[in-house]
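Written out below as structure tokens is the structure these notes cover.
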Amino acid sequence: MAYADVREYTHLTDEEVEAIGKELDDIRAEIEANRGQQDRDYVLRIITLQRRLAAAGRITLFASMFPPAWLLGTALLSSAKILENMEIGHNTMHGQWDWMNDPEIHSSNWEWDTTQPAEQWKHSHNYIHHQFTNVLGHDNDVGYGILRMSRDQKWTPYNLGQPIYNALLAMFFEYGVALHDLDIEAIRKGKKDPKLLKRQLKQIADKIGRQGLKDYVVYPALTGPAFFHTLTANFTSNIVRNVWAYMIIFCGHFPDGAVHFTEEELEDETRAEWYLRQMLGSANFEGGKLLHIMSGQLGYQIEHHLFPDLPSNRYAEISVKVRDICDRYNIPYTTGPLHRQYGQVLRTIMKLSLPNRRTKDNKPASPERERDRRRLDDSERPGRRSELGRWTTAASVG
Amino acid sequence: MLRNVRRVGKALTTPLHPDDYLSLINPLWSARELRGRVERVEPVTERAATLVIRPGWGWTFNHQPGQYIGIGVEVDGKFHWRSYSLSSTPVSSGGTVAITIKAMPEGFLSDHLVNGLEPGTIVRLAAPQGDFVLPDPPPKKMLFVVGGSGITPVMSMLRTLDRRGTIPDAVLAYSAADEHDMLFRDELRALHDSHPEFRLYERFTDADGILTPDQLDDVCPDWKDRVTWACGPAPMLDAMEEHYEEHDLREQLHIERFSLAASAGDAEGGVVTFGEGGPTVEVDGATTLLEAGESAGVNMLYGCRMGICHTCDVPLASGRVKDLRSGAEHDQPGQYIQTCVSVAATDCTLSI
């Protein structure tokens, strides 16, 4: 069920909630005060590694007619794309490295290796998703407008196809993300400003064009007789990256234990309550260092949602403190191995393809209420929190 | 041709630049941001040193003598920017440029540059700028009034003249705390000895007090006939400016300031919004938009913080802003404004 009040859900007193907020503010202040050379060295190391992997992959694929080279090149290129999107692009666009004052690694001008223009991502993700995390109707990441992910979302016969939509979304995730900020629902209802829509579409088309030209024309052509092999290798790398990114992202908010909220929660929500909603609405997963790097440290989704603009390499140490807070205040801290977390996500997707009466919820059912579930536009939302980073609005300024 | 090569390269590396890969091989092979490698750190006095820097791709060796560059140095993971006059001549031998820096008692960065920079360090650079320059051909009679490290742009001018073989009728009044604190002492004395038209007046302020403008009558009796360049501490420059204004000779005086002379803001101020729907902050007409953004917790990109390097430029979405230096107002949506020297003239929104 979706909750209307995060405080009520956790049974904490006002004072306890504020005390938790204070402790989390202190963690932020501590990390901010000692960001330094080691953190810069980390991100430079990852960036260098990523660019070497990409170069090695592209070069290997000149021999893509030989199956082992095809396989190796595809693996190298897939890892490069995954690293770029997850650990570098996503985190840089959150402003995690802005403190370095380095114009080459900065949220204001980072563009990532996927079809979604960075500018639109910073709006749909940094602002909409991170501020309104798991609030139904506000957070467009709940099912991406394609899947029904909460029992409180209305069922329609369309949802019967969820297993198929889910597989397609996983495969072509980057295109789903590319269209994410357009707000299809508003377009369908004729509420979208046509000028803004046109500019956004042009941005997306340009980006898809450049990405497609690179992966499906220029590099295949350069490899000459191996054109077709290189093309399939590049296509496969994009799919591998898509499926991986999809899985990591869906494990962030949809395993059992990560709860959804209704609009009432947003009314007069304090900073401490916002923190609490982030903790309750997110889920971590466990794994080794390599897994965390390849998932952009989103195995620390809870910590990322509390401090979206702190350097990702610090989430591991932050998680120890956050977990301690959760233990002391008896707040759930959702985590588990990746396969279990994703298994739960998959189960929810399958279950919710059917109407609620056909399936059982493992939590107490919420009172059924008919509510307006349409997406809101920015003028209807509360102002933005500063730690969510920023986005440029060239498309909306024109 | 080169542009076509770059376009093809960009098609291969999009969304990155080819330079992002090439700079993995050699850090100077990138024109995305101007960079340089510190070749040598040459001590000038006990507290001053000359940095000889080899710029990377994208640098053009065509600065005018007297101009300054921006230099960005990484300290504990973070880039800090300062501006320094080039002391080298425009056509420098061996593809290097030089800046001379004096370690300031409270200046952690100048101290780091003088004492903490290893040869081989990669720094960021901003292209030469400034209109405190020597015209070509130079005027027939010149006067340079400099204090402390204010000698550096003038040194570039004198070296340029020396390279061309002639220094016309020129007087240099140079104030330093004492003899040891005088930058380029031997070189200047040598110029004095070898060029009959060039006269060096040394003033040691610890012993003799500071040079006040009314003393120019003694130091350089025909100062009114000379085109004058002044560079040094702000109080000295203020006094010079006032003195030349009194004698109705302000047009003859060129001044170089190394700190932002923020006029008492007569802008109204207003509510500044950082990105549509973003944080807002109410500011007076003296708080720069950069400071406003920082106070609102926005991670603003910045460089020199004095309107030189354009690192902090962001597009205006709506409203009117005022440039503190010129007083010029800007209100065109989409126009880039320098947030470090601009204040709000009305409520305004920045596109970040």
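These values consider heavy atoms only, across backbone and side chains, with no hydrogens, waters or symmetry-generated copies. Throughout, protein chains are lettered first and strands after them, A, B, ... in sequence-line order, and every chain is numbered starting at 1. Keep in mind that this is a model prediction, so the values were computed, not measured.
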Closer than 3.5 angstrom, by distance alone: can the side chain of A/H106 be matched with the main-chain N or O of A/S108 as a donor-acceptor pair? yes

Tell me if a side-chain donor or acceptor on A/K207 pairs with a main-chain N or O of A/Q116 at a distance below 3.5 Å. yes

I'd like to verify something: which residue of B/L24, B/L12, B/V8 has the highest number of heavy-atom pairs under 4.5 Å with chain A? B/L12

Just so I understand: if I count every heavy-atom pair under 4.5 Å between each of A/D113, A/V218, A/D102 and chain B, which residue has the most? A/D102

Using the rule side-chain contact (heavy atoms from CB on, under 4.5 Å), only one of B/L301, B/T288, B/L350, B/D313 pairs with B/T339; which is it? B/L350

Between A/H125 and A/H129, what is the ring plane arrangement, given parallel below 30°, perpendicular above 60°, and tilted in between? tilted

Engaged part of A/L44 at the chain B interface, taking heavy atoms whose separation is under 4.5 Å: neither

Quick one: what part of A/W97 sits under 4.5 Å from any heavy atom of chain B, side chain, backbone, both or neither? neither

With chain A, the option among B/H80, B/E74, B/R32 that has the most non-hydrogen atom pairs under 4.5 Å is B/E74

Using 0.5 Å steps for rounding, measure from the SG atom of B/C348 to the CZ atom of B/F274. 7.5 Å

